[in-house]
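Here is the naming used below: chain letters follow the sequence lines, and residue numbers restart at 1 for every chain.
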Amino acid sequence: MPDGNHGPFEPRIVAFFCNWCTYLASDLAGTSRMKYAPNTRVVRVMCSGRVDPQFVLDAFARGADGVLIGGCHPGDCHYQEGNYKMLRRFHLLKRLLAQMGIEDERCRLEWISAAEADKLKAAVNDMVEKVRALGPLHLAIPKEEFAEEEVAVS
Amino acid sequence: MQEPSERGSRASRVGVFVCHCGTNIAGTVDVCRLVEYAGTLPGVALAREYKYMCSDPGQELIQQEIREHGLDRVVVAACSPCLHEKTFRTATAKGGLNAYHFQMVNIREHDSWVHEDKDAALEKAKDLVRAAVRRVRLHQALETKRASINPDVLVVGGGIAGIHAALTLANAGKHVYLVEREPTIGGHMAKFDKTFPTLDCAACILTPKMTAVKAHPNITLWTLSEVTRVEGYVGNYQVNVTRKPRYVLEDLCVGCLECIEACVYQQAKVLDEFNLGLGKRKPIYIPFPQAVPLLVVIDPETCIEFKSHKCKKTCVEICGERNAIDFEQQDRTETIEVGTIILGTGFKVFDARRIPYYGYGTYPNVYTSLELERLVNASGPTGGEVVLRDGRTPKSVGIIHCVGSRDAHTNRYCSRVCCMYSLKLAHLIKEKTEADVYNFYIDMRTPGKGFEEFYNRVAEEGLKLVRGKVADVYPEGNGDGRLVLQVEDTLLGMVRKVPVDMVVLSVGLEAQADAQEVRRMFNITCAGEGFFLERHPKLAPVNTFTDGIFLAGCCQSPKDIPDTVAQAGAAAAEALALIDAGSIEMEPNTAYVLEEVCSGCKTCIPMCPYSAISFLEDKKKAEINEVLCKGCGTCVAACPSGSIRQNLFEDEEIFEEIEGVLTYA
């Protein structure tokens, strides 16, 4: 990713997209040659239900300025209800992130179906703009300690 | 799967292969610099580029480099894994590695096609390649599992799509369950009079196929039936079909129709659905003379026996010893097991009331095109006479195209068939009434074999063509029921007011009202307009994202009869390919429990929607049934002790990927 120390700040956003809806929306945006901000890096998972809160924390610890989670619309999960499980965790995770001083806009959950390439484009662009406005993430805990703590937990 | 103690060992001879995809990737991402960068990554033994990695020489290159350089892992940076993951896994396996010692990087759909800034695109590609290299070094060798394919097929919907698919499969010797919600098969096509562009009569070409369905020993036909539950996976679906009561026993009724004659209703008084309310039927009826199965059906909403239980039951009397009428019939549910499913659930016509200024439902002389099909049809409510509701023959008719199509307020898409059926109706109306027929069109769209020729032919018959979108339909004012169409004729460049006796609205095709519920039940996706989404618009047009479920006909998008039949044949062929292969490869991305770490907390058990996790009471440990697990990974994320793992999506692999995309180059 563009080094934050050179030139204007470019947010680094890690995106966890489910294989069946949001990853495919991302593919469709490509096939449709839509243009959007180049700041996201997609990590594919089979279901948004696979997104362990530790993945999000790890991303922030390793220098992400934002985390975007994409899943199927409620009721549309390829695995029936994995996205609801994600939603439950997401609410808890947001409270934890707030306690760590990570702003609300830095972690986002979007329901984007395989047909909604335009929604994907809008979500990415909007998130990049909002995180750009917030500036780089400064974690209260030094990253090294954060990482050690996590190893101890896992 | 390896034991935890063996985890963490990293492969050290990764080969990175970057595809140019012609200029699709190379036009935006500097492939040479990407390859150069990939070569410097820890664990990478070599990095190569090629113009088309998915081509035979490209795949050959991968295999050759694996052998010559002793590679132990492969990364291909190319298009979406949804397109070519399988291709490159196969190449990796042919090169002598485990197929899952491979990771794909999407630098086309997710990068070169969506970014214009070449530097940013290259940086993104580097990050993604770095993440994949870090990830693949941890990949475990996995075995491919295979699921057997039950040879029986379920076809949902008995229109021309379902009929053609069912017959194709049955002729190939496969057993087919054909489920139709209406009392008869035939769908919309059975309502049409003639079919464009050849003008052959719909009934003449359709009814032989309908009777063939009924007669075929390999087809189980269930009408008045709906699928109410679908479980299982490719090759092994369990389906519940709810069969609604006909109140006539199918194996006893011979279709003599005497009961209809005998009904206490002397006159047909109930609006007839098949004729869209233009005709009448009795409470005991057949939908239309060539209905299949040719069995009477009783409508409990209007039958006196159901209302008051005091009917003389003359129908039962005349049926006599056959005893085919049964007022006590109830819903019953059949459970069937099939390996593949074809959805041919069709479309609904656009509700013309949604465009109030065309006056449908307000002015009696405004009709929809489907109503006109019934009026011109010899077996229709008027015996094929084109007459107004008051019995007069129209002297002038205005056909309005694109009603509910190509319109930002209703549906943006073109319904594809309306121009052609409007021309056909114009021809038929003219032939039957000698009326002046106007076609008001936005653009005349006639792409298809013989379509343009048909347009020219009808135009030469003296059809009045007006290019313009009708803005208003209103009564002439003198009370004679004539209607005025106001339109801007865009070729003359002036507003015209055209008085006519009859207005026909060429309504577009929409997804079925319950398309959303249906797709949820079958675990498939709808596109934005509500039609079912195909796996790939060009290369997998009848496949869905759920293996073993295929699409045919207008449930996928509006299309004409030839295209529907072609698609139904293709869907049948896809099902046959699975059946004859006997089994299908399954993704080995299932979850498993590390027994020694599991604390027996049971958190995972309610996470699984497939009941794949059970609790071993004797050991106080959770256990995952590999056959039932579908690989979503929800339990893996939920496990507090980290004792559930997922093949292909191990925690370590995902952490490597996260760290990989975030590490500065």
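The closest side-chain heavy-atom distance from H110(B) to D27(A) is below 4.5 Å. Inter-residue side-chain proximity for L24(A) and F545(B) is flagged as met; some heavy-atom pair is nearer than 4.5 Å. With a 4.5 Å cut-off on side-chain heavy atoms, K124(B) and N39(A) do not count as touching. The shortest side-chain heavy-atom distance between V661(B) and V14(A) falls under the 4.5 Å cut-off. Taking the side chain as every heavy atom from C-beta outward, H78(A) and K630(B) never approach each other to under 4.5 Å. At least one side-chain heavy atom of I654(B) sits under 4.5 Å from a side-chain heavy atom of R50(A).
Annotation: maximal heavy-atom pairing with chain A below 4.5 Å, among G633(B), C526(B), C632(B), occurs at C632(B). Of the listed residues (W20(A), Y36(A), Y79(A), F55(A)), the greatest number of heavy-atom pairs within a distance under 4.5 Å of chain B belongs to Y79(A). For chain B, the option among K35(A), M46(A), M34(A) with the highest count of heavy-atom pairs below 4.5 Å is K35(A).
Across P609(B) and E81(A), no two heavy atoms sit closer than the pair CB-OE2, 4.0 Å. T634(B) and G82(A) make their closest contact through OG1-CA, 3.8 Å (heavy atoms, listed as atom of the first residue, atom of the second, distance). For the pair G49(A) and A637(B), the tightest heavy-atom approach, listed with the atom from each and the gap, is O-CB, 3.4 Å.
With a threshold of 4.5 angstrom between heavy atoms, V45(A) approaches chain B through its backbone and through its side chain. With a threshold of 4.5 angstrom between heavy atoms, R89(A) approaches chain B through side-chain atoms but not through N, CA, C or O. If you measure heavy-atom distances from C77(A) to chain B, the contacts under 4.5 Å come from the backbone alone. Neither the backbone nor the side chain of D117(B) has a heavy atom closer than 4.5 Å to any heavy atom of chain A. Heavy atoms closer than 4.5 Å to chain A are found nowhere in R108(B), neither backbone nor side chain. For a residue to count as touching a neighbouring chain, one of its non-hydrogen atoms must lie under 4.5 Å from one of that chain's; by this rule K85(A) touches chain B with the side chain only. Heavy-atom distances place the side chain of N24(B), and not its backbone, under 4.5 Å from chain A. Both the backbone and the side chain of A638(B) come within contact range of chain A, each with at least one heavy atom under 4.5 Å from a heavy atom of that chain. Residue L28(A): no heavy atom, backbone or side chain, is found under 4.5 Å from chain B.
Atom CG of L662(B) is separated from atom CG of D58(A) by 8.5 Å, given to the nearest 0.5 angstrom. Note that CZ of R520(B) and CG of D76(A) are 4.5 Å apart. Values are rounded to the nearest 0.5 Å. Rounded to the nearest 0.5 angstrom, W113(B) CH2 and S26(A) OG are separated by 13.0 Å. To the nearest 0.5 Å, the span separating CD on Q80(A) from OH on Y610(B) amounts to 4.5 Å.
Comment: R62(A) engages E659(B) in a salt bridge, judged by a side-chain N to carboxylate O separation of less than 4.0 angstrom. Of the charged side-chain nitrogens involved, none lies within less than 4.0 Å of a carboxylate oxygen, so that D127(B) and R12(A) do not count as a salt-bridged pair. Between E85(B) and R44(A) there is a salt bridge, since at least one side-chain N of the basic residue sits less than 4.0 Å from a carboxylate O of the acidic one.
Atom CZ of R33(A) has more than 12 neighbouring heavy atoms from other residues, nucleotides or ligands inside a 6.0 Å radius. Counting heavy-atom neighbours within 6.0 Å of K145(B) NZ, excluding the residue itself, gives a total above 12. For R229(B), the CZ atom is densely surrounded, since the number of other residues' heavy atoms within 6.0 Å is greater than 12.
The main-chain N or O of L128(B) is never found under 3.5 Å from a side-chain atom of R41(A) such that the two would form a donor-acceptor pair.
For the 3.5 Å distance criterion, the side chains of Y23(A) and N106(B) qualify, holding a donor opposite an acceptor.
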